[in-house]
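Report on the structure given below.
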Amino acid sequence: MISFEPSDDEKEILKTVERFAEVEVRATMRDIEAAGRPPEELRRKYHEMGLGMLNYPETVGGSGMGQVTRALIEEALSFGDPGAAIGLDGPGLAGLAILELGEGAHDERYLAPFAGPDAHLRTAALALLEPKPVADWCSLATHARETAAGYLLDGAKSFVVNGADADFYVVFASFDPAKGWDGLAAFVVEKGTPGVTVTEPILTCGLNGVPIVDLTLDGVVVPKAARLSGRGDFAGGFRRFLARARVVNAARIVGLSRAACEYAIRYAEERTAFGKPIGHHQGLSWMIADIATEVDAARWMVWKAAWEVDHARPSAERASIQALVQANEMAKKVTNDGVQVLGGAGFIRDYPVEKWYRDARTLAFVLGTDPMDNSRAATLTFTSDGESPLDSLSCV
Amino acid sequence: MIDFELSDSQKNIREMVRWFAREEVRPLALESDKAHTVPLEFLKKSMQLGLGSGTRPKALGGDGEGAGEERDAKGTKQGNRVSIILGEEIAWGDPAVVLTFPGPGLGGPPVQFTGTAEQKSRAFGIFKNDGVPRWGAYALTEPAAGSDVAGIQATARKDGNHYILNGRKCYITNGARATWNVVFATVDKSQGRAGHRAFLVFKGTPGFSVGKIEDKLGLRASETAELVFEDCKVHVDDLLGGEEHYDKGAKGGFTTAMKTFDSTRPMVAAMAVGIARAAYDVVHDHIRENYLLSRPIARYHVLAELIANMERKIAAARLMCWRAAWMADEGIPNSKEASMSKAYAAQVASWVCQEAIGLMGHLGTYHANLVEKLYRDVKVYDIFEGTGQVQRIVISRRLLKGL
């Protein structure tokens, strides 16, 4: 039954999260940005609210909630501040990789501590992207080789979000690029492993509320048990992980864009020019109508993709790509117009819209680039069965 | 709970309509575009399936469960959701043929929303299961008042037990062949919207005649008529909702016109989604058969980008329609969302059709190619039921206070 109404439980959680996002996060977002990460106190509150392990299974101390609930909450947090939303998320996207690719022992060792009493002091980070552009995930340059002692990893990773003091990294590497998806693997690399060099936080365009670093892996040896093999189907697990991660990222992009859109609307009602509120001039009122429409369209795409993930739909991977690309395209327009509505004030750091303008363009690349995703979506389109993909996409 | 699964009965209806669209509607698409009409046999078939009877309640002579009355187990109405699912499927078959289905058409919602029991029974009672196609129609637009509905010029003057209508209506879908039209006129132009009245005007009423039948860019299988009212004498019983409807709410007539849009705009938007899907399918097959060769399509980055973006935007437009229709069913005010769905879907559909021709090159311009026709048909979806610009006015007025 088609419905856009969150469940009663979700509404209850959302009420709390929205208040937290407004009172604790939005109000202090410039401080968080200046510090480069959310303060310990805020992280403690976040974990006390039980948000840290929301969509992890109860066996590792999570709440066992689905991707839809997660998307709603990430959107609400990111409405407060997207950098903080990532900085507060303990296991982060690395946690989702373990969820989809790890075995029971990995869950116990790496995920369960995030439900423990000192969870707010822990972080983990995803090390997926690399300094050189890749056409698709199969051509990762970070190399893995099996040795008697375990696995030998060599290469470089970049744009490792929340990676400054991570307790562990989930590093994606390739055994053999010629084998495509089957040549890929992921490894947990724990803090202090010899050969791992972590840079100082990198100065980036936006998303400054969370430290982003580069990694160098020089002859790093990890034990056999550190390999995340996807329980026998690495390619499948990797796709499921990417789908989940895209939904989370897209929800955050929607959250920050909604913030920019609503701020612009309130400003356009108050600021006057030529004797009336600027929002009453059609040049702006139509611009605002358009961005509000775009925000909605992306929002429902994210909800739908999250729902497909929860229901393990075969089309979930494609839906997640569509949601992320839709969100990115929307965010470019919405945050750009958000600054435009404020005019000169939009360019000044006293107002938040310049921050969203920077954040949107930085958050876009956490999981690679749109062209890469579009290629993948097109491949899926033409490798599906004879039916129109749009039939299978939404209705079956 | 957030859910995107259709109910079993919705799936069944959709499968039936999808089958009908593929087997019965699509084969007529090119031919009926040339002939400017559809065969009577086809209309009879569509009546047997109950298509076009969307808002005809069972209690009022309908021969089946009207889609507008379908409820789920909890008693929540599903009508708007069912309508948009069907609208998308049928428009996929052909966006012009969908407008020719016998039934109350756009005249249905205003009668349903504001008609008295007696008027509903007279208006909906004509749709009998006797194999004779009949239509209702909705006559609002005038030569000098399209988007600015409040500015209609047609007049209604009370004269004893009658109203005397004078004026012209234009671009009325099925207006000439309709058994009745819902006609909007003003009793006093100085009152603006408060002066609006809606009338049920039956074919053959003295003073009511049909002007020219339009020759159009697209939707050529559908009849678009000009209606002329010269001292047309309509009984007070045909004032939609009766006098009291206009006494209690000062803008009763205008509200009737606007309330209709909350249901019909998502429906028209869903049809645009169907058109986009149709164009996308043609292009998809074309690429698979001609360009793919032995290389994966994603290697052609221009194509990959375009195909992926088409598919994505169509999916997004569909969700906008679902959202607006869900709100209508739940009784949540949805004027903003209805306009959003319409503005967004029409824009997406126009873009998809343009790019579909682009992908096929010169072959896309041949009359024998479906995308050529869809490209002509789709344009009006950003115009009727409120232009894209009118939708933006509606949306922004609901976002910005005091506008």
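Order of the sequence lines fixes the chain letters, A, B, ..., with proteins taken first and strands second; residue numbering starts at 1 for each chain.
The 12-atom threshold is not exceeded at NZ of Lys132(A), counting heavy atoms of other residues, nucleotides or ligands nearer than 6.0 Å. In this structure, Tyr263(A) places its OH atom where more than 12 heavy-atom neighbours from other residues, nucleotides or ligands lie under 6.0 Å away. Counting heavy atoms of neighbouring residues, nucleotides and ligands inside a 6.0 Å radius, atom CZ of Phe20(B) exceeds 12 of them. Enclosure of atom CD in Gln340(A) is not indicated, since only 12 or fewer non-hydrogen atoms of other residues, nucleotides or ligands lie within 6.0 angstrom.
With a 4.5 Å cut-off on non-hydrogen atoms, Val325(A) touches chain B through its backbone and its side chain both. Heavy-atom distances place no part of Gln347(B) under 4.5 Å from chain A, backbone and side chain included. With a 4.5 Å cut-off on non-hydrogen atoms, Ile332(B) does not touch chain A at all.
Applying a 4.5 Å heavy-atom cutoff, the residues of residues 264-274 of chain A that approach chain B are Ile265(A), Arg266(A), Ala268(A), Glu269(A). Taking non-hydrogen atoms and a 4.5 Å limit, the residue list of residues 284-297 of chain A in contact with chain B, ordered by number, reads Ser285(A), Trp286(A), Ile288(A), Ala289(A), Asp290(A), Ala292(A), Thr293(A), Glu294(A), Asp296(A), Ala297(A).
Expressed to the nearest 0.5 Å, how far NZ of Lys304(A) lies from CH2 of Trp322(B) amounts to 5.5 Å. Interatomic distance, CH2 of Trp326(B) versus CD of Glu5(A), reported as 5.0 Å (0.5 Å rounding). Rounding to the nearest 0.5 angstrom, the gap separating the CD1 atom in Ile2(A) from the CG atom in Asp329(B) is 9.0 Å. Distance check: Lys313(B) NZ to Gln326(A) CD gives 7.5 Å after rounding to the nearest 0.5 Å. Atom CG of Asn374(A) sits about 11.0 Å away from atom CD1 of Ile307(B), to the nearest 0.5 Å. Here the CE-CG distance, from Met1(B) to Asp8(A), works out to 11.5 Å after rounding to the nearest 0.5 Å.
For the set Lys401(B), Glu15(B), Glu305(B), the count of heavy-atom pairs under 4.5 angstrom toward chain A peaks at Lys401(B). Listed options Ser339(B), Ala343(B), Ser396(B) were ranked by heavy-atom pairs under 4.5 angstrom with chain A; first place goes to Ser396(B). Counting heavy-atom pairs closer than 4.5 Å to chain A, the top-ranked of the candidates Ala308(B), Ala317(B), Ala325(B), Ser341(B) is Ala308(B).
Checked by atom type and distance alone, the side chain of Arg323(B) never pairs as donor or acceptor with a backbone atom of Trp300(A) at under 3.5 Å.
Inter-residue side-chain proximity for Phe4(A) and Met327(B) is flagged as unmet; no heavy-atom pair is nearer than 4.5 Å. Within the 4.5 Å cutoff, the side chain of Gln282(A) has no heavy atoms near those of the Arg392(B) side chain. Proximity of Glu5(B) to Trp307(A): side-chain heavy atoms (C-beta onward) are separated by under 4.5 Å at one or more points.
Across every non-hydrogen atom of Met1(A) and Ser7(B), the tightest pair is CE-CB, 3.7 Å.
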